[in-house]
Amino acid sequence: MFDKLGLSGVFGLVLMVVGVAVIAWKAPVVAAGLTAVLVGLALVARGAIQSVMGVFGMA
């Protein structure tokens, strides 16, 4: 998976994890909500990308 993300993708993923960890240190409930939002956003983006790829016959 990491080879498909590239260096900037891995760096972005690390920044997201560190950011949520910093928030969790001060406010665990807020961090849980933020994590749920990020996972939901990732699932929506994945579905949209697969839909667009299907339209172009790439899926």
Side-chain angles (χ1 to χ4, degrees):
M1 178 179 101
F2 292 118
D3 57 334
K4 292 183 181 181
L5 284 177
L7 184 60
S8 62
V10 172
F11 185 66
L13 187 63
V14 168
L15 280 177
M16 275 190 357
V17 170
V18 168
V20 171
V22 168
I23 293 170
W25 182 48
K26 286 291 192 181
V29 175
V30 174
L34 182 61
T35 302
V37 168
L38 289 173
V39 169
L41 183 63
L43 290 174
V44 168
R46 180 178 180 231
I49 290 169
Q50 285 182 346
S51 176
V52 169
M53 287 178 66
V55 167
F56 289 115
M58 297 168 63

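Fair warning: this is a prediction, and the values are worked out from it, not measured in the lab. These numbers come from the heavy atoms of this one structure, side chains and all, not from hydrogens, waters or symmetry mates.
- Here the side chain of Ser51 pairs no donor or acceptor atom with the backbone of Gly47 at under 3.5 angstrom.
- Linking Ile, Leu, Val, Met, Phe, Trp and Tyr whenever their side-chain heavy atoms come within less than 4.5 Å leaves Ile23 and Trp25 in two separate clusters.
- With sequence neighbours excluded, no residue forms a side chain to side chain contact (heavy atoms under 4.5 Å, CB included) with Val17.
- In the hydrophobic clustering, Phe11 connects to Leu15, either directly or through intervening members, whenever side-chain heavy atoms lie under 4.5 Å apart.
- Members clustered with Leu43: Val39, by chain and number, using a 4.5 Å side-chain heavy-atom cutoff among hydrophobic residues.
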